2 protein chains.
Amino acid sequence: MPDHRTGGGDPAHTLRLLWRQTGDVPRRGPRPGRSLDDIVTAAIELADAEGLDAVTMRALAQAVGVAPMTLYTYVPGKAELLDLMLDAIYTGMPRPDRSGDPWRARVAAVAADNRALFTAHPWAAEVATGRPPLGPGQMAKYEYELRAFDGTGLDDVARDAALTFVLDFVRAGARSAAESRSAQQESAWTDEQWWTANAPLLAQVLDERRFPTAVRVGAAAGAAQNAAYHPDQAYEFGLARVLDGLTTLIATAKPPQ
Amino acid sequence: MPDHRTGGGDPAHTLRLLWRQTGDVPRRGPRPGRSLDDIVTAAIELADAEGLDAVTMRALAQAVGVAPMTLYTYVPGKAELLDLMLDAIYTGMPRPDRSGDPWRARVAAVAADNRALFTAHPWAAEVATGRPPLGPGQMAKYEYELRAFDGTGLDDVARDAALTFVLDFVRAGARSAAESRSAQQESAWTDEQWWTANAPLLAQVLDERRFPTAVRVGAAAGAAQNAAYHPDQAYEFGLARVLDGLTTLIATAKPPQ
DNA sequence: ATTGTACACCGTACTGCGTACGGCGAATCG
DNA sequence: CGATTCGCCGTACGCAGTACGGTGTACAAT
């Protein structure tokens with residue numbers, strides 16, 4: 001998991017790029033050969049195909065068809081590029097009108113939408129968004145997702161906390177998946193191969209009398225995970241718990257009328 | 001957030017190091033000047049003090065008082081070192097007998113213990129543990145934490161899923177905190193400075209009619225986070241939801257007798 | 001038409017990372 | 001007392017982001 005994060009560049013510059021308007025003043029000198037969107041789109045495609053680590057300035061330049069240093073005429077640096085990539089995929093998320101559904105279905109849908117985002121763009125889960133890209137995509141996403149809690153009786157602070165709670169849960173699962181994927185890519189061992197390689201070695205040193213519960217539960221969990229697809233299981237289990245937890249909160253906040 | 005992960009080395013070699021026994025056969029040649037524990041301890045201290053990024057083989061070598069390449073006579077590579085560091089801090093975690101407490105208090109204590117671990121060793125939150133360090137520390141931790149669900153009526157698979165759910169929640173919060181800290185370290189901007197730098201710029205481009213909920217809730221949440229310490233708030237809110245969600249599950253699994 | 005200038009483009013080079021490789025010298029064994 | 005083992009480490013390589021400065025083009029002003 002690389003130390004990629006949004007909000008790494010100069011705020012003023014980053015915001016100008018995020019909220020860029022198409023109409024521009026006539027400029028002197030030679031016309032740019034590409035557009036900023038070309039760069040961002042190519043970066044997203046590269047990240048989708050080969051992971052975030054593959055998005056080096058050299059590789060991206062080659063994909064776009066320019067020399068590495070030429071990228072710096074479009075983007076101040078890699079930090080700003082990441083903000084632009086994220087905001088772009090946020091912009092592309094679906095936002096159907098779900099005002100007729102009950103809140104629980106709406107929140108479940110928000111979770112599913114974010115999960116789908118991370119499936120389509122696994123690299124997005126790896127990016128630290130403590131300082132979110134404050135662009136149009138992020139704002140539209142935030143606006144839409146907050147609306148999922150309409151009618152729950154939660155106040156504004158609780159509403160933000162609840163959304164953060166749900167999104168953090170989805171992100172955590174996507175991160176595990178992304179980490180697993182990049183681990184396989186870099187170590188040339190499948191997760192499964194790694195476990196089967198470890199099992200016999202571990203059995204030699206592991207004392208069942210010292211760790212009885214761990215050995216028993218570990219075996220059961222291991223068997224269950226082989227039967228079905230593991231990340232999906234953890235997601236289903238966790239999402240049910242998340243929604244139940246919010247249900248308890250909302251039942252207290254808004255007693256049944 | 002660097003792409004540090006456990007389980008990156010050769011399984012056989014890693015396990016041998018993790019379960020190393022002190023009694024050794026007499027060896028030929030010169031005696032080692034340091035012990036493996038010296039290396040691991042120094043690495044943990046360095047990570048505690050300056051973050052995981054500061055643990056470079058060169059910096060660690062200097063801390064230990066040897067040349068960089070000398071480290072490779074103690075550890076096959078950096079991947080194995082990380083496994084050893086993590087298992088070592090797991091070993092040091094407190095494991096008091098809480099069998100008298102109700103399950104909810106026990107699980108809350110497990111969450112608190114893990115949170116304390118990440119407070120003492122913030123770098124631990126950054127490490128991807130999809131392939132956990134299968135050493136004595138990790139096993140003791142797993143054994144102990146599974147016991148928190150004794151008497152809940154959960155079967156082995158659900159018990160593992162529930163523990164994973166709780167630990168992932170705590171880890172997600174600790175990651176945010178760690179990311180925030182390293183962001184401040186590298187960008188020379190405080191999170192707060194960053195937000196106050198962005199606020200006026202964002203106000204110029206942000207249309208309140210287009211994003212009414214976002215603007216309102218964002219303002220309320222921002223104000224609430226300035227009043228108190230933000231990560232603590234998110235933890236308290238989330239933990240209550242997590243426990244409530246598990247309560248609903250357990251009430252269904254084990255009807256009140 | 002000419003000149004001045006802003007700007008797109010990019011070749012070179014620097015720092016810092018993990019670590020492969022091979023040499024040196026000391027401690028132990030036969 | 002030689003042979004062997006093994007701790008130690010100097011050098012060097014590939015790859016990352018990007019600072020710096022040079023080159024040539026296209027427009028604005030004259």
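The structure presented is a predicted model; accordingly, all values stated were derived computationally and were not measured. Residue numbering restarts at 1 for every chain, and letters A, B, ... go by the order of the sequence lines.
Listed pair B:Thr73 / D:dG7 fails the phosphate criterion, with no side-chain N or O lying under 4.0 Å from OP1 or OP2. Phosphate contact (OP1/OP2 of C:dA8, side-chain N/O of A:Thr70, threshold under 4.0 Å): absent.
Put simply, CZ on B:Arg31 is 13 Å from C1' on C:dC29, counting in whole angstrom units. When rounded to the nearest whole Å, the span between CG of B:Leu60 and P of C:dG16 equals 18 Å. Nucleotide D:dC15 holds its C1' atom 15 Å from the CD atom of A:Gln62, rounded to whole Å. In this structure, A:Glu80 places its CD atom 8 Å from P of D:dT18, rounding to the nearest Å. Remark: C1' of C:dG16 and CD of B:Glu50 are 16 Å apart, rounded to the nearest angstrom. Here the C1' atom of nucleotide D:dC8 and the CZ atom of B:Arg34 are 11 Å apart, to the nearest Å. Put simply, OH on A:Tyr72 is 16 Å from C1' on D:dG21, counting in whole angstrom units. Spacing between atom CZ of B:Arg5 and atom P of C:dG18 amounts to 15 Å, rounded to whole angstrom units.
Closest-nucleotide positions on DNA chain C for A:Tyr74 and A:Arg58 were compared, and the one nearer the 5' end corresponds to A:Tyr74. Sequence order on DNA chain D of the closest nucleotides to B:Met69 and B:Pro30 puts B:Pro30 first from the 5' end.
Across all strands shown, B:Thr56 has heavy atoms under 4.0 Å from sugar-phosphate atoms exclusively, and none from any base.
The environment of CD in A:Gln193 is crowded: more than 12 heavy-atom neighbours from other residues, nucleotides or ligands sit within 6.0 Å.
Taking the six-membered ring where the residue is Trp, B:Phe169 and B:Tyr235 present parallel rings, their angle staying beneath 30° rather than reaching 60°.
Minimum atom distance to the side chain of B:Met57 is reached by C:dG18, of the listed D:dT18, D:dC9, C:dG18. Considering only side-chain atoms of A:Lys78, the nucleotide from C:dA8, D:dC9, D:dT18 that sits closest is D:dT18.
Using a 4.0 Å cut-off between charged side-chain N and carboxylate O, B:Asp10 and B:Arg16 make no salt bridge.
Here the side chain of A:Tyr90 pairs no donor or acceptor atom with the backbone of A:Pro133 at under 3.5 angstrom.
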Problem - Check against salt bridge (Lys or Arg N to Asp or Glu O under 4.0 Å), A:Arg175 and B:Glu179 - result: CA-CA 14 Å; A:Arg175 278 203 169 176; B:Glu179 287 165 6; 2.9 Å; yes
